[in-house]
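Okay, structure first, notes after.
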Amino acid sequence: MDADKYFENVRSYMLLAKKEVGQNFLVDPRIAKAIVDALEVGPGDRILEIGPGAGSLSYFLAQGEGDCTLLDIDEALIAKLEKDFGGNDGIHPVKGNALEADFGDYDRLIGNLPYYITTSLLEKAAVEARAGCRAVFMIQKEVFRRVLAKPGEEGFGPLSILLSLSADIERLILVSPSAFVPAPHVESLVFSMSFSRKINFDRASFLAFAKKLFLHRRKRIFFDLSALVDKEKAFRMLEEAGIALGERAENVPPSRFLRLFEEMKR
């Protein structure tokens, strides 16, 4: 089936889109192809597509050289994908929850992320993606601000800190609501994350540590740190990490967060 016919079929699934889980089906084949091209799939790459929906990205993934798992929680859509790609040995539709998958099993991650679990999925990718993995995700434009947020900016927090330390991030495509059925009320944005081949710290523990230091965002970082260790040790750790005693977590550069984490491990 050519792209125009396939995407007309995708459009016909509009009435099956479930609003409660944020299903919006991409019906612009040019955008879908550009997203898949940005993934830079090589021969034998293991790919995980998160929430394939009616198969907009899957259509172009099926034309590539990778081995692709299409993971969706919707049984009816999995049945559609099995019918669409049943003759392709490189495509594997699987019913399941992406939050329970092991992202570390894959070389490439891709998906139009469900809005209600976007942050959880991005955190999971930031923690589990293997060194050398490349991810291409579409999310709400407003959420992307948190991904790239710098110290002192709105949205700066544990996720943006961890991503800045472990991945190179690139904004790729702005997608209007008209590219979807049903049309969402917000713009979407496609971006890539390429995870460093030199990741050498425990990202899961680091993320948990950073979250504890943002429990009281408006208070000094010393306040939350001294809830984890005694005040004397907290003072020493901040000094060793080059962080002022009166500084707030929202103003601390990622590199100093990492130094603080290393002091904590000692």
Side-chain angles (χ1 to χ4, degrees), residues 38 103-104 109 113 117-172 174 189-266:
F103 289 5
L109 305 171
L113 302 187
I117 53 170
T118 294
T119 298
S120 297
L121 289 170
L122 291 177
E123 288 181 350
K124 186 174 175 66
V127 166
E128 295 182 359
R130 62 172 62 169
C133 176
R134 180 172 173 83
V136 176
F137 292 140
M138 178 153 53
I139 62 176
Q140 290 186 12
K141 178 184 173 182
E142 292 303 310
V143 177
F144 184 68
R145 291 183 180 180
R146 298 207 304 270
V147 172
L148 277 188
K150 301 293 188 292
E153 295 180 349
E154 183 180 357
F156 179 72
L159 175 61
S160 50
I161 292 169
L162 178 55
L163 286 175
S164 73
L165 293 169
S166 57
D168 293 321
I169 298 171
E170 183 181 0
R171 172 178 167 149
L172 299 175
L174 188 63
L189 189 141
V190 181
F191 71 103
S192 66
M193 299 189 291
S194 296
F195 288 87
S196 170
R197 295 186 181 277
K198 296 182 180 180
I199 299 170
N200 57 3
F201 63 99
D202 183 339
R203 287 173 285 164
S205 296
F206 177 85
L207 181 63
F209 175 69
K211 285 183 175 183
K212 290 174 182 176
L213 297 184
F214 274 85
L215 285 176
H216 304 89
R217 182 180 288 266
R218 305 305 299 171
K219 293 191 175 183
R220 296 179 301 158
I221 192 171
F222 178 77
F223 180 85
D224 282 322
L225 183 59
S226 55
L228 304 178
V229 298
D230 64 66
K231 290 186 177 181
E232 183 179 345
K233 185 175 182 181
F235 178 82
R236 274 201 321 271
M237 288 171 60
L238 290 172
E239 187 175 44
E240 289 295 328
I243 300 171
L245 185 62
E247 194 62 273
R248 293 174 177 170
E250 61 186 12
N251 295 318
V252 176
S255 59
R256 296 196 186 277
F257 260 105
L258 185 56
R259 285 176 61 185
L260 190 61
F261 174 64
E262 291 167 347
E263 290 296 324
M264 185 71 177
K265 288 195 299 179
R266 291 177 190 169

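Once rounded to the nearest 0.5 Å, the distance linking CD of Glu170 with CG of Leu172 reads 5.0 Å. We find the CZ-CG distance between Phe201 and Leu165 to be 5.0 Å, quoted to the nearest 0.5 Å. To the nearest 0.5 Å, the span separating CZ on Phe206 from CG on Leu162 amounts to 6.5 Å. The line from CG of Leu109 to NZ of Lys124 is 10.0 Å long, rounded to the nearest 0.5 Å. Leu122 CG to Leu159 CG: the interatomic distance, rounded to the nearest 0.5 Å, is 5.5 Å. Interatomic distance, CD of Glu142 versus OG1 of Thr118, reported as 13.0 Å (0.5 Å rounding).
The environment of Arg145 atom CZ is sparse: at most 12 non-hydrogen atoms of other residues, nucleotides or ligands sit within 6.0 angstrom. Phe214 CZ: more than 12 foreign heavy atoms inside a 6.0 Å radius. The neighbour count for Lys265 NZ, taken as heavy atoms of other residues, nucleotides or ligands under 6.0 Å away, is above 12.
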query = Can Leu213 and Leu260 be said to form a side-chain contact (heavy atoms from CB on, under 4.5 Å), step by step?
reply = CA-CA 11 Å; Leu213 297 184; Leu260 190 61; 3.7 Å; yes
request  = List the steps, then state whether side-chain contact (heavy atoms from CB on, under 4.5 Å) holds for Met264 with Val229.
outcome  = CA-CA 9 Å; Met264 185 71 177; Val229 298; 3.7 Å; yes
message = Run the side-chain contact (heavy atoms from CB on, under 4.5 Å) test on Leu258 and Phe209 for me, step by step, so that the C-alpha distance in whole Å, both residues' side-chain angles and the decisive distance to 0.1 Å come before the verdict.
response = CA-CA 10 Å; Leu258 185 56; Phe209 175 69; over 6 Å; no
request  = Begin from the C-alpha positions of Leu148 and Phe191 and carry the test side-chain contact (heavy atoms from CB on, under 4.5 Å) through to its verdict.
outcome  = CA-CA 11 Å; Leu148 277 188; Phe191 71 103; over 6 Å; no
Salt bridge (Lys or Arg N to Asp or Glu O under 4.0 Å) evaluation trace for Arg259 with Glu263 = CA-CA 6 Å; Arg259 285 176 61 185; Glu263 290 296 324; over 6 Å; no
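Two residues are said to be in side-chain contact when any heavy atoms from C-beta on lie closer than 4.5 Å; Arg146 and Ser160 fail this criterion. Between Arg217 and Arg248, every side-chain heavy-atom pair lies at or beyond the 4.5 Å cut-off. By the 4.5 Å heavy-atom criterion applied to side chains, Ser192 and Ile169 are not counted as neighbours. For the pair Pro151/Glu250, no side-chain contact is recorded, criterion being any heavy-atom separation below 4.5 Å from C-beta on. For the pair Leu189/Val143, no side-chain contact is recorded, criterion being any heavy-atom separation below 4.5 Å from C-beta on. No side-chain heavy atom of Ile243 sits under 4.5 Å from any side-chain heavy atom of Phe257. Within the 4.5 Å cutoff, no side-chain heavy atoms of Phe195 are placed close to those of Arg134. By the 4.5 Å heavy-atom criterion applied to side chains, Ile221 and Leu245 are not counted as neighbours.
Each side chain to side chain donor-acceptor pair (under 3.5 Å) pair with one or both residues in residues 205-214, not counting sequence neighbours, appears once here: Glu123-Lys211, Asp202-Ser205.
In this structure, Gly152 and Asn251 approach most closely via the heavy-atom pair CA-OD1, 3.5 Å. What you find for Ala125 and Phe137 is that their closest heavy atoms are CB-CE1, 4.2 Å. Heavy atoms only, all atoms of each residue included: Ala126 and Ser166 are closest at O-OG, 4.3 Å. Of all the heavy atoms in Val190 and Met138, the pair that sits closest is CG2-SD, 3.8 Å. What you find for Phe222 and Lys231 is that their closest heavy atoms are CE1-O, 3.6 Å.
Look at Glu262 and Arg266 and you find no salt bridge, because none of the NZ, NE, NH1 or NH2 atoms lies under 4.0 Å from a carboxylate O.
Under the 6.0 Å distance and 45° angle rule, Lys141 does not count as a cation-pi partner of Phe144.
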